[in-house]
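Here's the structure we're looking at; comments come further down.
Labels below follow one simple rule: chain letters A, B, ... track the order of the sequence lines, proteins then strands, and each chain is numbered from 1.
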There are 2 protein chains.
Amino acid sequence: MESGVQVSTPECAGMLNAIGDSLYVIGGKWKLRVIVALGEGNKRFNEIQRTVDGISARVLSSELKELEMNGFVKRIVHTQTPVVVEYQLTDYAGTLSEVLRTLAEWGTKHRDKIRRER
Amino acid sequence: MESGVQVSTPECAGMLNAIGDSLYVIGGKWKLRVIVALGEGNKRFNEIQRTVDGISARVLSSELKELEMNGFVKRIVHTQTPVVVEYQLTDYAGTLSEVLRTLAEWGTKHRDKIRRER
DNA sequence: CGGTATCCCACAGGATACTG
DNA sequence: CAGTATCCTGTGGGATACCG
């Protein structure tokens with residue numbers, strides 16, 4: 001091994017399953033982006049929608065529900081008048097920080113590469 | 001900050017775009033899994049299909065084409081008889097190693113967490 | 001504002017059959 | 001074996017309208 005092509009750990013099968021598990025929970029078009037958006041701090045529904053470019057209300061609503069079910073997001077209702085609803089990341093969402101970091105890093109480098117090629 | 005909830009870097013917008021770029025290229029249900037499968041070493045078409053559980057020939061074919069277009073995979077035709085076709089990761093696929101590592105690590109931990117909860 | 005309900009379509013992707 | 005062609009379904013997700 002010299003060029004970094006060999007990506008796998010000794011047993012590839014375990015890695016395959018582990019990656020499968022990850023994608024099952026945080027895969028898809030929006031989940032990670034919503035989480036990143038909330039990484040800035042608590043947000044209200046429409047704020048999130050404005051931050052995550054292109055997401056519709058319907059989809060955001062269902063994504064937030066799934067994220068809540070999976071323990072990444074907490075929904076906080078401030079019972080003032082008018083009622084204010086905030087979403088915030090849970091501690092568990094913090095376990096994704098390394099994933100997000102590497103993914104963002106790679107995306108940046110990849111974009112640069114594409115730029116250079118054109 | 002004490003609990004790791006704060007996932008974002010100073011500017012979240014950049015991270016949002018970077019993650020978006022990543023997902024655009026390596027997002028989806030199969031791409032990363034095909035790459036991991038090839039991480040074991042070169043493979044033939046049907047070998048890959050057997051390794052990546054659940055993928056159909058049609059889908060694998062199109063995924064391989066996209067991965068080739070994006071510079072992750074090289075298609076090698078050995079012109080013997082019978083003709084043998086191999087797929088191998090390029091050096092560029094190696095740039096994903098950190099992403100794959102963190103993703104696999106997280107997936108493993110997450111599965112453990114789910115197990116404990118049930 | 002913070003959503004939910006409905007409708008609808010595009011497309012990912014499964015099944016099967018077929019070819020060199 | 002290594003795919004391609006065809007067909008078909010499920011569903012992700014957009015648009016719009018509506019409600020408390």
### Message
In this structure, how many angstroms lie between the C1' atom of dG2(C) and the NE2 atom of H78(A), rounded?
### Response
14 Å
### Message
Can you tell me which nucleotide in dG3(D), dC1(D), dG2(C) comes closest to the side chain of R50(B)?
### Response
dC1(D)
### Message
Using whole Å, what does the distance between atom C1' of nucleotide dG14(C) and atom CG of D53(B) come to?
### Response
14 Å
### Task
Would you kindly confirm whether M69(A) and L96(A) end up in one hydrophobic cluster when ILVMFWY residues are joined by side chain heavy atoms under 4.5 Å apart?
no
### Task
Let me know the distance between CZ of R33(A) and C1' of dG12(D), rounded to the nearest Å.
14 Å
#### Entry: Validation row: L38(A), Y87(A) side chains within 4.5 angstrom (heavy atoms)
yes
#### Entry: For atom CD of E66(A) and atom C1' of dG3(C), their distance in whole Å
17 Å
### Query
Between G28(B) and S62(A), who's closer to the 5' end of DNA chain C by nearest nucleotide?
S62(A)
### Message
Just checking K113(A): does its NZ atom have more than 12 heavy atoms from other residues, nucleotides or ligands closer to it than 6.0 angstrom?
### Response
yes
### Task
Would you please confirm or rule out a distance under 4.0 Å between OP1 or OP2 of dT4(C) and any side-chain N or O of K65(A)?
yes
### Task
Measure from the side chain of W30(A), starting at C-beta and using heavy atoms only, and say which of dG13(D), dG14(C), dC1(D) lies closest.
dG13(D)
## Note on the structure
To the nearest angstrom, the OH-P distance between Y24(B) and dA12(C) comes to 11 Å
### Query
dG13(C) C1' sits how many Å from E63(B) CD, rounded?
9 Å
### Task
Would you mind reading off the distance between K43(B) atom NZ and dC1(D) atom P, rounded to a whole angstrom?
15 Å
### Query
Is a salt bridge present between R44(A) and E47(A), judged by a nitrogen-to-oxygen distance below 4.0 Å?
no
### Query
Can you check whether K31(A) reaches E63(A) side chain to side chain, under 4.5 Å on heavy atoms?
yes
### Task
Kindly indicate whether the side chain of R58(A) and the base of dG14(D) share any N or O donor-acceptor pair separated by less than 3.5 Å?
yes
#### Entry: Which nucleotide in dG3(D), dG2(C), dC1(D) has an atom nearest any side-chain atom of S61(B)
dG3(D)
### Message
By nearest atom, which of the nucleotides dA2(D), dC1(C), dG3(C) is closest to the N46(A) side chain?
### Response
dC1(C)
### Message
What's the closest nucleotide to the side chain of K29(B) if the choices are dG3(C), dG14(D), dG14(C)?
### Response
dG14(C)
#### Entry: Candidate nucleotides dG14(C), dT4(D), dG3(D), ranked by approach to the side chain of V59(B) - the nearest
dG14(C)
### Message
Could you tell me how far apart Q49(A) (CD) and dG2(C) (C1') are, to the nearest whole angstrom?
### Response
10 Å
### Message
Using OP1 and OP2 only, check whether a side-chain N or O of R44(A) sits under 4.0 Å from dC1(C).
### Response
no
